[in-house]
Amino acid sequence: MDTRVSVVILAAGLGTRMKSRRAKVLHEAGGKTLIEHTVNAALSIATAERVFVVVGHQGDEVQRVVAARGVRFIHQAEQKGTGHAVMIGREVLAPLGGLLVIYYGDCPLIPAAVLRALVDRQKNSTAAGTLVSAEFQDPTGYGRVIRDAAGHVAAVVEQKAGTREQLAIREINVGIYCFRADLFWKHVDEIQPNNPAREYYLTDMIEILRRAGHTIDAYRAEHATELLGINNRVELAAADRVFRRRKIRELMLSGVTVEKPETVTVDDGVVIGMDTVIEPFAQILGNTTIGECCRIGACSIVRDSELAEGVEVGPFTIINASRVAASARVGPYSRLRMENEIGAGAHVGNFVELKKTRLGENAKANHLAYLGDSTIGAGVNIGAGTITCNYDGRTKSQTKIGKGVFVGSNATLVAPVEIGDGAYVAAGSVITESVPPDALALGRARQVVKKDWARLRREKPAAKS
Ligand code: UD1
Ligand code: CA
C-alpha cells in the first residue's frame with residue numbers, strides 16, 4: 001500500500017479569542033510565527049510539494065510568510081468548519097493517495113517525533129485512521145474521545161454537541177490525525193453541518209468511517225499541553241516560554257553560562273560558543289552567531305550579527321546586523337545600528353553610535369560619538385564627542401580616517417573628508433577639508449583672553465532697570 005504522506009495544515013481562521021487584527025497563525029512564539037512552526041513540523045514527515053496550508057483570513061500574508069519553504073496553498077474563502085477546510089482541497093489532495101495527516105496551524109509546539117510516531121502507528125495498523133489523544137484534568141472546550149467496548153475510537157464529540165456523560169470524559173482530541181487517503185475521500189461528503197454551530201466538523205469523520213465498517217485508533221500522547229492549539233494571548237505567552245526554556249537549556253548543556261536564565265531570550269537559530277556568559281535580560285535574536293568566551297551584558301540586544309571569540313558586550317548595548325571581531329569590546333550603552341565591522345581588539349564605549357562603519361583593529365571610540373558611513377583605520381583614537389557629519393540633508397557621504405590617527409575630543413568631521421595616516425585633529429575642530437598624513441589639523445577659532453575682565457565687571461555697580 002502507498003504510504004507516502006501528505007499534510008494539510010488548517011490556518012484559515014481569524015482566531016477570535018486572540019482579539020487581534022492579525023490572523024492567529026501570524027502571531028509569534030519563540031521568535032517565529034505559529035504557521036512557520038507548524039509548517040516546519042510538516043516538513044519533517046513530508047516533502048514540500050505534499051504539504052498544503054489552508055488559508056483564508058489574511059491568506060496573502062500567511063502565504064508570504066511560508067512561501068519560501070515551497071509548500072502549497074488551498075484557499076478557503078468562507079470558514080465553514082474544520083471538515084469544510086479539508087473538503088475544498090479535494091481536487092489537489094485526493095489524487096495524492098497515501099496517508100493524509102491533518103492538523104491545525106495554531107499548535108506551534110507540535111513535535112516532529114509525535115508526527116512520526118503517529119504516521120508509523122497508522123502504517124502498521126489496519127485502521128482507517130489514527131488520531132492523537134490526551135488525558136486532561138479539565139477537558140472543557142475540547143472534543144471528547146468516545147471509545148467502544150473494544151477500546152477503539154467510536155466518535156469525537158465536540159463540547160457544544162456533547163451529552164452530560166460524554167462531557168465527563170477526560171480523554172480529549174488533540175487535533176492531529178492520520179487517515180488513509182482513499183477512505184477519507186470516499187466518505188468525506190458524508191460530513192453534515194448538523195450541529196449547534198452549523199459547521200462541517202472534521203471530527204465527524206471518525207463516526208462516519210466507523211459506520212462504514214472501519215476502525216479508528218487513538219495514539220495517546222504525553223506532554224499533551226504542548227500539542228494543543230493556542231487560542232488566546234495567555235496560551236501564546238506560555239508557548240513562547242516553552243520555546244525559550246528549551247533553547248536556553250540546550251545552550252547551557254552545550255557549555256554556555258546563562259545567568260538568571262528565566263529572563264534571557266534567545267531565538268532558535270542562534271549559535272553560541274562554549275564558555276560564553278549571557279547576563280540577565282539579554283536578548284539574542286535572529287540569525288546571530290557568537291563565538292567562545294564572549295560576554296553578553298545585561299539587557300543587551302544582539303540581532304542578526306556575528307561576534308567572534310572573546311568579544312565583550314557591556315550592559316544595555318544594541319548590536320544589529322554587524323560583525324565584531326575577536327576580543328573587541330562594545331558597550332556599555334553602545335549602539336551598532338547596522339552594517340558595522342568592528343576590528344579585533346577595538347573598543348566602542350558608552351553613548352557611541354555606529355552606522356555602516358568599519359572600525360579598524362585596536363581602534364577606540366570610547367565615549368559619546370557618532371560614526372556613520374566611515375572607514376576608520378587600525379589603532380585610531382576617536383575622542384569623546386566626535387561626530388561624522390555624513391548627511392547634508394540630501395546625500396550621505398563617506399569619512400575616511402587612516403591608521404593611527406588621533407581625533408581630538410569634540411571634532412566635527414564634515415564628510416566627504418579624508419584624514420591621512422598618522423595625522424592629528426585638534427580637539428574642537430570642524431574639519432571640512434582633507435588632512436594629509438602626519439599633519440596636525442586645527443579647525444577652530446583662536447582663544448581670546450581678556451585680562452581682569454571678570455573682576456572689573458564684578459566691581460562695577462549693576463545698572464538699575
Ligand atoms: C478542534 C477540534 C476539537 C479539538 C480541538 C483541539 C474540530 C471540529 N474540533 O476544535 O475536537 O479538541 O481542535 O485544539 O475540528 N479552521 C479553518 N477553517 C475553518 C475552521 C477552522 O482553517 O473553516 C482552522 C482554524 O484556523 C484553526 C483550526 O482550524 O487553526 C482549528 O479550528 P478551531 O475552530 O479552533 O477548532 P477547535 O474549536 O479548537
Ligand atoms: Ca483551536
Side-chain angles (χ1 to χ4, degrees), residues 305-314 317 319 321-331 333-449:
S305 293
E306 208 176 297
L307 278 52
E309 66 279 0
V311 170
E312 293 243 355
V313 176
T317 294
I319 299 180
S322 292
R323 279 160 57 174
V324 182
S327 306
R329 289 205 327 238
V330 184
Y333 295 102
S334 309
R335 181 173 184 205
L336 305 187
R337 183 142 60 88
M338 64 202 265
E339 294 170 42
N340 300 289
E341 270 193 50
I342 309 303
H347 293 181
V348 179
N350 37 215
F351 309 108
V352 173
E353 176 185 348
L354 269 67
K355 188 214 85 177
K356 294 192 179 174
T357 285
R358 279 173 79 161
L359 189 64
E361 263 178 48
N362 299 314
K364 295 189 176 77
N366 272 331
H367 340 261
L368 301 157
Y370 171 63
L371 304 169
D373 301 305
S374 313
T375 309
I376 299 169
V380 167
N381 186 87
I382 302 285
T386 295
I387 303 290
T388 55
C389 308
N390 62 328
Y391 186 51
D392 61 6
R394 258 190 276 188
T395 48
K396 302 264 167 77
S397 302
Q398 297 287 321
T399 299
K400 264 198 184 141
I401 302 177
K403 304 197 276 285
V405 167
F406 184 94
V407 179
S409 294
N410 214 34
T412 302
L413 309 175
V414 182
V417 74
E418 193 164 336
I419 298 166
D421 291 355
Y424 261 70
V425 173
S429 292
V430 178
I431 300 296
T432 52
E433 284 163 40
S434 289
V435 179
D438 299 320
L440 166 66
L442 288 130
R444 65 192 187 206
R446 190 171 275 280
Q447 183 173 329
V448 174
V449 176

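As the structure is a prediction and not an experimental result, all values here were calculated from the model. Every heavy atom of this structure was used, including side-chain atoms; hydrogens, water molecules and symmetry mates were not.
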Name every donor-acceptor pair, under 3.5 Å, that has one atom in a side chain of residues 375-388 and the other anywhere in the protein, sequence neighbours excluded.
residue: Thr386; atom: OG1; partner: Gly383; partner atom: O; Å: 2.8
residue: Thr388; atom: OG1; partner: Tyr370; partner atom: O; Å: 3.2
residue: Thr388; atom: OG1; partner: Gly372; partner atom: N; Å: 2.8

Check: residues 398-422 side-chain donor-acceptor pairs under 3.5 Å, at least two apart:
residue: Asp421; atom: OD1; partner: Lys403; partner atom: N; Å: 3.0

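Taking each heavy atom of Ala321 and Ser305 in turn, the nearest pair found is N-OG, 3.1 Å. A pairwise comparison of heavy atoms in Ile342 and Ala328 identifies CG2-CB, 4.0 Å as the closest pair. Minimum heavy-atom separation, Ala423 to Pro436: CB-O, 3.7 Å. Heavy-atom minimum distance, Thr317 versus Gly331: OG1-CA, 3.2 Å. Nearest heavy atoms, Ala346 versus Leu359: CB-CD2, 4.2 Å. The nearest pair of heavy atoms linking Ala308 to Ala325 is CB-C, 3.8 Å.
Taking 4.5 Å as the limit, some side-chain heavy atom of Leu336 sits within range of a side-chain heavy atom of Val324. Residues Asn390 and Lys355 have side chains in contact (heavy-atom distance under 4.5 Å, counting atoms from C-beta outward).
Few gaps surround CZ on Arg337; more than 12 heavy atoms of other groups in view lie less than 6.0 Å from it.
Formation of a donor-acceptor pair under 3.5 Å by the Ser334 side chain with backbone atoms of Gly349 is found in this model. With hydrogens and angles ignored, the 3.5 Å screen pairs no side-chain donor or acceptor of Ser374 with any backbone N or O of Thr357.
Taking NE2 of His347 as the reference point, atom OG of Ser327 lies at 9.0 Å (rounded to 0.5 Å). Atom CD in Glu339 sits 10.0 Å away from atom CD in Glu341 (nearest 0.5 Å). Atom-to-atom distance recorded for Leu371:CG and Glu353:CD is 9.0 Å, nearest 0.5 angstrom.
For residues 373-400, there are no ring-ring contact (aromatic ring centres under 6.0 Å, His included) pairs, not counting sequence neighbours.
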